[in-house]
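Working notes for the structure below.
Start at 1 and go down the list; that is how both ligands and their atoms are numbered. Computed from a predicted model, the values in this text were never measured in an experiment. Counting begins at 1 with the first residue of the sequence.
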Amino acid sequence: MISHADLTAQASFQALQAHVIDARAWHLRDLFSQDSNRFSKFSTEAAGLFLDYSKNRVSDTTMQLLFSLARERAIEARRDAMFSGEKINLTEQRAVLHTALRAPRTTTLMLDGQNVIADIHAVLDQMKTFTERVRSGQWAGRTGEAITDIVNIGIGGSDLGPKMACQALRSFAHPRLTMHFVSNVDGHDLDALLQNINPDTTLVIIASKTFTTLETMMNAQSARAWFLRNGNESDLPKHFVAVSTNTEAIKKFGIDPENMFPFWDWVGGRYSIWSAIGLSLALSIGFENFNRFLAGAHAMDRHFQSARLEQNMPVILALIGLWYRNFLDSSSISIAPYHQDLRYFPSYLQQLEMESNGKRVASDGTPLSVASCPVIWGDVGTNGQHAYFQLLHQGTDVIPVDFIATLKPNHALPGHHAALLANCFAQSEAFMRGKTADEVRADMPAKTAAESDAESLVPHKTFPGNRPSNTILMDALTPATLGALIALYEHKTFVQGVLWGVNSFDQWGVELGKILAKNIQSELSGTAYPDLHDSSTNGLIARAKAAL
Ligand code: G6Q
């Protein structure tokens, strides 16, 4: 078993505890005015992404201590263990090889005597053939018509990735194909969709690693019943395909094994967009673009593997995150993509980081002595500015923000993109600088009202500033830059997991959810009124039974 010293026992951690006493007194305004090189010193580039981390409450010493901490936690060795296929997911005894999914065909990676790269590329070839047939119209539905609508039925990791990426890359989408994502067991989700699509021109992808997840199985059965209202069982193979690791369950469902796209237990759900779970994305943007998406992620992998920690973008993001979480008491991070097509990116990251590092014990089972993953939340700019940014500017909590923007838009509407970028940069500047009481007074109109009234407004109009942010820029949102962006956050999550000493690759809380509802579900459908729970749960069940 890999065992770490407790994080708080590391010499660099203790040095940071002493250092933060000074750091608490710093103001970002002063840090900028003291050092005209701050932007070039605290920015870095990799895989088509540019990271400006200068608007953070860090000095040269802070960064040096953080990099020392990373070395004390053996980040490089742990990273190499992941890439080489060591079974670092200890509680499930599994390797963690989402990085292999984007490795070139020419590489070799042996796992339990099997070259996984060859297996991966065999499935990629199958995806290529299939996507080309559907996109060209050669793959016809039961009436001979081409497919127009694609429905991905999956949840969690089998939904959030493809849904986010299809939206992000909609500028690259095939014009005939409309993508739909159904995840919720709430029938309103599937019902709303089925009313608007034609079963004869619809292709359903059932995406489930285990092929046992209640929500997905129920939605898949209902979609099958909807299709069979007009079509026959023998037509099913033209309209239903599956992505899973569970061949037996797929056969049982009635899906032709020819139409099954496999993946492997060493791909975590939230890391599975690079596998056949990305089938809906490959159908939408085409296989060449899907390959570019993989290549973008691979470029970030190479950077993560080879760059010195001091230039290593995922390591830098992770260390700065740890600085706020464990030394400056921030309990959440806001993600602000200034790109409408990235609107699902905050919820994608929410799963990636919170499911991976939302842990309270270390890999060896001992309780953590420091806080682990913060809450990840956010929405696209500029919308957030007209809502919760108020709290970010003037609330009592300091919430670091990751701004994400592209230099070029994927549309041709004049003026919009400059306005968007202006807002993005103005917000990070305002968070950093704030507005002092004197600046507020200087901005006040010539005093017509009583001077005391004007003065009473000063505290309300004053902004403390010193609110940190990162800004990630890319030239444009393309398959390659999106791939690199996702991989950046995957590796940030990995590094933080190593720093905190947790297993980032299990999710027992999610597994619990998968079984909890089963008992109550059978109680709701039975005739008896069971009395097995606390009075609240019994009372709620009784009210639901009376109404059902
Ligand atoms: C991801 C999680 C979880 C999972 C879903 C769907 O890392 O484990 O979100 O992806 O519960 O599971 P299936 O793909 O097995 O249906």
Side-chain donor-acceptor pair under 3.5 Å between T537 and D534, yes or no? yes

Thinking salt bridges, do K251 and E248 make one under a 4.0 Å N-O criterion? yes

When you check the gap from the basic side-chain N to the acidic O, do D149 and R176 get nearer than 4.0 Å? no

Would you check if the distance from the ring center of Y348 to the ring center of Y489 is below 6.0 Å? no

In order of chain and number, which residues sit within 4.0 Å of ligand 1 by heavy atom? I155, G156, G157, S158, S208, K209, T210, T213, G269, R270, Q351, E355, Q507, K514

Electrostatic pair E490-R270, nearest N-O below 4.0 angstrom: no

Salt bridge D301-R102, side-chain N to carboxylate O under 4.0 Å: yes

